Amino acid sequence: MDIQQITSFLTLADELHFWRASFKLNITQSALSRQIQSLENELSLSLFNRSKRKVELTAAGKFLYQQWEPLMQQLTYSTRYAQKIHRGEYGSLTINHPGSISHNLLPDLLARISKLYPDVKVELVQLKYTQEEEFLKAFKIDIAYSRYEHKSDFIESKLVWKENFGFAVPINHPIQSEEDLTSDILKQQRFVLPTLQHGYIFPETIFSIFNHYKINPVISYESDFGSTVLSLVAKGLGIAILPFSFAQQAPPNIRFIKIPFEIPLYLYWRKNEDNPLITNILKLT
């Protein structure tokens with residue numbers, strides 16, 4: 001008994017007509033008759049009652065039809081999705097990203113994935129930059145967008161884009177424009193900032209900004225999550241320095257002031273990646 005015999009049986013059971021069933025299967029009526037007869041001989045039972053006028057399922061044939069038809073549907077379904085997995089069109093994907101790209105680059109990428117690979121499930125996470133390389137190595141994430149530059153023999157990377165930093169201040173704050181960003185005014189401010197650890201380009205750029213304005217900042221709150229930083233600024237608990245793209249998701253009572261300092265955005269993935277789904281997604285970035 002093989003798949004072709006079962007398929008022929010199910011098709012004839014649906015049509016109950018040898019000519020229509022053979023046409024649907026693209027085989028001759030005699031070939032279909034031989035397959036049905038071979039299956040009946042192997043099972044030692046009759047599947048159909050045949051006459052010149054009609055073809056009917058026997059009681060045993062009806063029972064096997066009820067049992068085999070859903071199994072064949074599941075087999076067909078499983079085979080199709082195995083082919084999609086092989087082509088990188090099905091599966092799940094975990095992407096790490098900074099909050100700053102949540103309103104521009106990330107939705108654009110997800111829209112392309114949805115259009116080209118509608119059967120792909122995407123999970124979005126936001127990690128601390130100290131976890132990004134570790135999670136890639138442990139296969140806990142598949143792709144990582146990051147503001148930080150990681151150098152490792154295990155991961156590949158590319159520069160996606162650069163953008164300006166900006167000061168985020170409450171709308172009624174004395175700082176209204178770039179001209180107000182003086183050393184004397186900034187020395188009086190409380191700051192809400194990400195964790196500043198030397199050796200990474202993001203905090204190093206912020207240190208450069210402080211050096212440019214000749215200030216030693218008073219840091220009242222630290223958070224690596226931009227949405228939290230924005231919430232604290234909106235409450236008047238300090239001012240912040242963030243990638244300017246955060247202006248797209250800032251509440252209306254926050255003003256962003258662009259400054260001439262840039263921050264890169266990198267994309268990371270495992271070196272020699274052999275998952276066809278991840279390979280397909282990387283082509284879209």
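Source: prediction; values computed, not measured.
Remark: K24 does not engage D14 in a salt bridge, criterion side-chain N to carboxylate O under 4.0 Å. Between E163 and R147 there is a salt bridge, since at least one side-chain N of the basic residue sits less than 4.0 Å from a carboxylate O of the acidic one. Electrostatic pairing of E40 and R50 counts as a salt bridge here, judged by a charged N lying under 4.0 Å from a carboxylate O. Salt-bridge check for K137 with E134: failed, with every basic side-chain N at 4.0 Å or more from each acidic carboxylate O.
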Between V120 and Y90, does a side chain to side chain contact (heavy atoms under 4.5 Å, CB included) hold up when you go through it step by step?
CA-CA 5 Å; V120 171; Y90 180 79; 5.6 Å; no
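In this structure, the separation between NE2 on H86 and CG on L277 is 13.5 Å, given to the nearest 0.5 Å. Atom CD1 of I254 and atom NE2 of H173 lie 11.5 Å apart (nearest 0.5 Å). Once rounded to the nearest 0.5 Å, the distance linking CG of D142 with OG1 of T94 reads 5.0 Å. Atom OG of S8 sits about 5.0 Å away from atom CG of L25, to the nearest 0.5 Å. From I95, atom CD1 reaches atom CG of L106 across 6.5 Å, with rounding to the nearest 0.5 Å.
A parallel orientation is assigned to the rings of W19 and F23, their planes being inclined by less than 30° (bins at 30° and 60°). In this pair, F261 and Y213 present their aromatic rings tilted. The plane angle is within the 30 to 60° band.
With a 4.5 Å cut-off on side-chain heavy atoms, W269 and I155 do not count as touching. Within the 4.5 Å cutoff, side-chain heavy atoms of I257 are placed close to those of R255.
Checked against the 6.0 Å centroid criterion, the rings of Y221 and F191 do not qualify as a close aromatic pair.
For the 3.5 Å distance criterion, the side chains of Q29 and S22 fail to qualify, holding no donor opposite an acceptor. Side chains of S38 and Q5: a donor-acceptor N/O pair is present below 3.5 angstrom, by distance only. Checked by atom type, the side-chain pair K271/S152 shows no donor-acceptor distance below 3.5 Å. With 3.5 Å as the limit, one finds no donor-acceptor pair spanning the side chains of N96 and Y268. Judged by distance alone, the side chains of E15 and T11 never bring a donor and an acceptor atom under 3.5 Å apart.
For the pair A60 and S46, the tightest heavy-atom approach, listed with the atom from each and the gap, is CB-O, 4.1 Å.
Y129 pairs with exactly one of Y148, F225, F135 by the ring pair (Phe, Tyr, Trp, His ring centres under 6.0 Å) rule, that one being Y148.
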